[in-house]
Structures are given as structure tokens and as C-alpha cells.
*Asks:* 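Following this message is one structure expressed as C-alpha cells.
Throughout, a chain's letter reflects where its sequence line sits, starting with A, and its residues are numbered from 1. For clarity, every value in this text was computed on a predicted model and none was experimentally measured. We use all heavy atoms of the structure for the numbers below, so side chains are in, but hydrogens, waters and symmetry mates are not.
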2 protein chains.
Amino acid sequence: MSRALSNPDRVSEGTRARVFAAVEETGYTLNQAGRSLRQRTSRTILVALPDIGNTFFSTILDAIEREAVLRGYGVLVANRFAGHDSGRRLHEYFLSNRADGLLLLDGSVQLEQLLALTSPPIGVPLVMACEAIAQSPFHTVKTDNVFAAEVATRHLIGLGHRAIGHIRGPKGNVLSIEREAGFARAMATAGLDVRASWMFEAGFEMSQGLAAAERFVALAERPTAMFAANDETAIGFLSGLRRHGLECPRDISLVGFDDLAFAAHFWPPLTSMRQPREALGRIAAEALIDLIEGEPRRRVPRHTVLSSELIVRASTARLATAPSAPALASL
Amino acid sequence: MSRALSNPDRVSEGTRARVFAAVEETGYTLNQAGRSLRQRTSRTILVALPDIGNTFFSTILDAIEREAVLRGYGVLVANRFAGHDSGRRLHEYFLSNRADGLLLLDGSVQLEQLLALTSPPIGVPLVMACEAIAQSPFHTVKTDNVFAAEVATRHLIGLGHRAIGHIRGPKGNVLSIEREAGFARAMATAGLDVRASWMFEAGFEMSQGLAAAERFVALAERPTAMFAANDETAIGFLSGLRRHGLECPRDISLVGFDDLAFAAHFWPPLTSMRQPREALGRIAAEALIDLIEGEPRRRVPRHTVLSSELIVRASTARLATAPSAPALASL
DNA sequence: GAGGAAAATGCAATCGATTACATGCGGCCA
DNA sequence: TGGCCGCATGTAATCGATTGCATTTTCCTC
């Protein structure tokens, strides 16, 4: 019976038909637990992410899930992943044979914990997506954040801005580091200074963008344009500026990153670097499943880099020729 | 060995210690597949939702996952669930012993398919959340949409608005129906007419709110306030109005529904009915796991109703005493 | 100290699909 | 027509944890 189901295997047409008929009639369904036990395979992948609640990740998860289902895999999610016990949690999932591979969207897991998982004794197939470490020994799928950030910054420079600041992502995060590097490179290339007082610490959350705005308005001398590490902080930042009567793009031009669905409908519509999130999720899932089903671990890590696209909207404008001091008009 | 792990079971302290020592030493981990096969249990729940990419659902999923992990369950996700084959997919998941229970966030699955799943031959524990059918034979966890919509509408009426319209959710969706009913009830109670031309068909997506705005501006006579079935359409709608020079709340007051994180940072900050999404997810997960672990199916369906909260922000304003025709100022 | 009850442990069967191996059947060639 | 090859199918072992049952050990009471 098992033979007939591994389709055109080695059974005669007659028996195959009989088996399928019996399956139809009795409503037989394969018991995954039995198969898993025997084949030491679960046909399930584990997706570990920092925050499902965040649209950015949930869109990617959407694409991952779609691809996985297409290839007959289930998707287990592990949210809020990083933490002191992430190593133990990973261990449990894989040693216990619950998942065949790990798709990691969280760059802040300790490298050594990952190595412990992927090397011989355990040998879990692993693909890092989005927040992939650069020269990583694993398969990675990501966008070229450095270049994208450079493009975003050049866009501001191209509009005539010279005084440009940056809202950083979370400290230590790979994406933050790369985006800041791209920003710095564009500034350097254009011969512009990066002023320390125009670099704002934030995270990737709206509330942190809001807080950055408070520090921004307190500045004696303000930049005329800002590049935010992601759309959420950009949106929080603008929301904060408005409370002080500053308007975008009149008083400041702003570029975000990610091009969330909300960015287009925000006021003003947000200029942003669009990340190919669907492609990212799909390709990562493909890569992981290929890895799971492929030759046992003799494949060299492949690094896929996708490119982002600058979507220009109304939040960025040409610098007024006579730069007026931002008026503190009240609402 | 299995006995010692089902803790203070019936082993002497000595053997227990020896077993644990051995576990430590050899790095033994329980194989889920083996356990699943024997116990006919997977310690996994399946969460079926219409769209993970949507923040509304992803926040709920976040809460569900947290509660599930706390109780030792894994979370499998099935996205874009409704569809012609949802019945078959459900069947496969459960007959194949991959999940112990179903948490359904999608109200559009056929009732008969669910009944087939929950009744005797299969008997899958099921909890419906968010989009629960009213008098459903299953456990449900939801918010009181009718009442919440009524509160939202009353808020507009209280601000002096008399000409009020509604942007509907997707046709046939339980939430849409309930929210429209609440709107109608508030209007009726206040002795106001519900004008058919002020009821806009939309879905729950921004693009549909945007499209509704086009139809809105084409009206000969416009309402002074609108109640949107959710925040996304509200945001799309406002974005559309702006393209025609209409401003909120100057030209129109607008109430949304859900209170997404973006609502507070939008411009203008959106008045919205806050749904207790974390509580909703957590309680639904608790209920499902209780059901799974509880007495075999002799429990009567329990219906939990949570209440929403009106969050008043700048998108709603008192009706100007002399209602001026909306100026078509250009950007 | 013996008898018996209770507790602890050993043993083997079980869950269901897979798979290696053995057996059976038919056809083909000499 | 006999022998051999290969395909098709039957049979049984296996994966690992659990669990019912049998057996042994412990401990208490008379």
C-alpha cells in the first residue's frame, strides 16, 4: 500500500488502481506521525522571526507559507525568537524531529548556537533571510541594504539637500549597520559631512521614530532631509514632527525603507526603498526546501542578493533655493 | 525511561535521578514523532487565517503563538485559508495527525465542512475567533462588533453629524454584517436615515477604501461623516479624498475600526474602535488548548465576547455649525 | 519471621508507514 | 520444455515513545 502511494513506483497498474479505490472508499489518510517516525522527516519547516506582528515580517511569512504549502510542507512559527533561551528552543525543535529545516529571519541569534545546530551531529538545514550575517557559512537570501541605503541617500542629495541626517535602526542589528553604512557612503561620495548630532538612535518601531522627532526639534541646527532605517520609524518620526508644527516635505524631506503598504497611503505619501518581500520569502523557502531534499549537506552556501527599488513619492522634495528656517507654525 | 520523564510518576527518587543523569550525559531528546504515533497527539495547533500579511491578524497570531508556546504547543499556520479546497486541506491536516486542534480566524469556511470535522468520526477540537458565526455550535471568542459599531456611530452623532455614511467590509463577511448592523442601529435610534448612496461597498483593504473615495467625491450630496468597517479601508479612503483636495476632519469626520498601530500615527490620527487583539488571541488559544486537553468533547460551546474601546483622535470633529460645501482646494 | 499489600521495575506489544528481503509468477531463450 | 531473469507482491522488521501486564522488590503488620 505504501508502495502504491509513492506513485508510479513499482506496482502494476492493476494493483495501483485497486489501492486507490480502497483509499477512496475507506477515506484513508496517511498518518504523518508514522511516516515521520520511520523516515525521520516531518515535512515541516520552522520559521523563526523576531516579530510576527510587524507587517514587514508577516508579509514575508505569507510568501514563505505559500511556497511551503506548494511543496507539501507545513510551516511552524516561532515568534520573538532571539533571547537567552533561543539555543535551547532550537535544539528542542530539531532534536525532537518536529521540523526538517530552519528558516531564520532573525539576525540576532548567536552564531555559535547556529553552528552547533548545523554541524555534523545534528546537521539541520538552515537558511537565513533578511537579517543575514554577511560572510555567513549558511545559505542566505537578502537585499543589498548598503547599496539601497546609498540610493535612498543619493536621491536626497540629488534633490539639492546637503544637510542630511539618519534615523538608525536597532543597535547591533545587521540591517541597521548596513543601512547606516550605505548612508555614510553616499554622503562621503558626495563630499558631505555626517554630523553626529544628526544621527538618531531608534529601533524599528514607530514609538522610537516618535521619540527621535522630539530630539530632532530640540536641535539648534536642523538637517533639511532625513533617511530613516525603515518605514515604521519614518512614520513615527513624521507623526512626532507634526506635533511641533513641522511639515513634510515643506520643512523636511524624508525617505523610508521597506515600502510597507501603508507608506503609499500615508500623508504625505512616503518615498521609500521597496524591498521585494514576496520574492524574498519565496526564494528563501525554495532554498530551504531544496536544501532539505538535496544531497546531504555537501552543498556550499549560496548567497542570494535581491535588489530594492526606490519609490519616489511626496515626502521628498527639492530643497528650496533659499533655505528658510523651519517655521514653528502651530496646528 | 518514559516513566521517569512523566515526572513524579511512579518511579523511585533514585531511578529518577539516574535517568536524568543519563539524559544529561547523552543529550537525549524526546522524539516527537514517536510520541505522536503512540499517543495520537502532536502537541501542535493549526491556526487558519485569511491573511497573515494583514497586521490585524498577525498581531492576533502573535498572541496565540505566545500562549501556545507557554503551554508547550507548536503553532502551524495555514494562510489564505478559505477557498474551494479548504475542506480537503483541513481533512488532511487532521486525519494525518499533524495537529491536535484548529483555531479558525476565518469566518468564511463552510459550516458543513467544519461540522464534518468536529463531529464524531473525526472530532477535531475547534475554536473560532474574530470572525465567529453567531449561534455557532463551536467555542467562539470575538468582540461585540454590533455594539462597537453602534458606539462608533454614536460618537459621530454626538459630534453633531446627521449625514453619516458607512464603508462596508467584504460582502458576506460576518464582521461586515455585524458592523453594518451596529451602524444601522445607531442611526435608527437617533432617528436618522441610512441613505443607500452613502453606503459604500469595499473590502478590508486599503485599495478598496481608495476606490470608495472616488465614488464618494462623485456624489452630488455628501455626508459629513463616515464610519469605515476597518482602519485599512479608512486609511485608503482618506488617502483617496486627499487626492481630490478633501481634508479630514475639515471636510469629513471619519471613524475606523481595529485601532491598528498605524492609526495613531496617521495624519490625521484616526479615531477608531480598539479591538483587544492580544486578549483575543490569548483567550482563543487558551480555550482551544483547554478543549484539547479536557474531557473528550462533552463540553458545551462557550462564547466569549470581549468589548472594544473607542479611541478618539483628530479624525473626528464637531460638525461646523454652518456646514460649508467642501472646498476643492488643490494640493 | 512469614504473609501479603503496595511500590518499583522489567518486558513486550503497540501506534502506522516504510523498506529490505523473500517469495512467487510469467516470459524469454536455448 | 527446462532454466533463468526480472518484475510484482507478500512478509516482517524497523523507527522511538508509551503503556499494560508480569515480575520483583520493599515494607508493614501480625
Side-chain angles (χ1 to χ4, degrees), chain A residues 1-44 46 71-74 76 91-101 121-125 292-293 295-296, chain B residues 1-44 46 71-74 76 91-101 121-125 292-293 295-296:
Chain A
M1 41 203 78
S2 168
R3 256 187 297 245
L5 299 180
S6 314
N7 254 358
D9 217 349
R10 9 192 355 148
V11 280
S12 69
E13 201 173 328
T15 2
R16 204 181 321 152
R18 266 189 304 128
V19 170
F20 280 121
V23 165
E24 274 301 309
E25 201 172 337
T26 61
Y28 163 89
T29 321
L30 181 137
N31 180 320
Q32 264 299 330
R35 162 181 281 188
S36 290
L37 180 58
R38 185 62 172 103
Q39 298 199 140
R40 335 193 110 266
T41 262
S42 57
R43 293 195 80 74
T44 296
L46 178 67
R71 304 209 27 192
Y73 281 74
L76 269 172
H91 237 62
E92 279 178 11
Y93 267 111
F94 290 102
L95 288 185
S96 75
N97 207 274
R98 281 181 90 130
D100 295 340
I122 317 191
V124 173
I292 290 171
E293 298 183 345
E295 295 308 307
Chain B
M1 40 203 78
S2 166
R3 259 187 293 248
L5 299 180
S6 314
N7 254 358
D9 216 349
R10 10 193 351 149
V11 280
S12 69
E13 200 171 331
T15 3
R16 204 180 324 152
R18 267 188 304 128
V19 170
F20 281 121
V23 165
E24 274 301 308
E25 201 171 335
T26 61
Y28 163 88
T29 321
L30 182 137
N31 180 319
Q32 264 298 331
R35 163 180 282 188
S36 290
L37 180 57
R38 186 61 172 96
Q39 300 199 138
R40 333 192 114 267
T41 264
S42 57
R43 293 194 79 76
T44 298
L46 177 67
R71 304 209 26 192
Y73 281 73
L76 269 173
H91 236 64
E92 277 178 13
Y93 267 109
F94 289 101
L95 287 184
S96 75
N97 209 272
R98 281 180 92 130
D100 295 341
I122 317 188
V124 172
I292 290 171
E293 298 182 344
E295 295 308 309

*Asks:* Measure from CZ on B/R43 to C1' on D/dT18 and round the result to the nearest Å.
*Replies:* 14 Å

*Asks:* Tell me the interatomic distance from B/Q32, atom CD, to D/dC15, atom C1', rounded to whole angstroms.
*Replies:* 15 Å

*Asks:* Nearest whole Å is fine: how far is C/dT19 C1' from A/Q39 CD?
*Replies:* 10 Å

*Asks:* Give the rounded distance in Å between these two atoms: CZ of A/R38 and C1' of C/dC15.
*Replies:*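 Roughly 15 Å, once rounded to whole Å.
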
*Asks:* Taking atom types as they are modelled, is there a donor-acceptor pair under 3.5 Å from the base of D/dT18 to the side chain of B/R35?
*Replies:* no

*Asks:* Give the rounded distance in Å between these two atoms: CG of A/L37 and P of C/dT14.
*Replies:* 16 Å

*Asks:* Just by distance, no angles: are the side chains of B/T44 and A/R98 close enough, under 3.5 Å, to form a donor-acceptor pair?
*Replies:*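 B/T44 vs A/R98: donor-acceptor pair found between side chains.
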
*Asks:* Do B/R35 and B/L37 touch side chain to side chain, with heavy atoms closer than 4.5 Å?
*Replies:*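 In short, these two side chains do not touch, never coming nearer than 4.5 Å.
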
*Asks:* I need the minimum non-hydrogen distance between B/Y73 and B/E293, along with the two atoms involved.
*Replies:* OH-OE2, 2.9 Å

*Asks:* Roughly, in whole Å, what's the span from CG in B/N97 to P in D/dC15?
*Replies:* 21 Å

*Asks:* Whether the side chain of A/R43 engages the backbone of A/R71 through a donor-acceptor N/O pair (distance < 3.5 Å, no angle test) should be reported.
*Replies:* yes

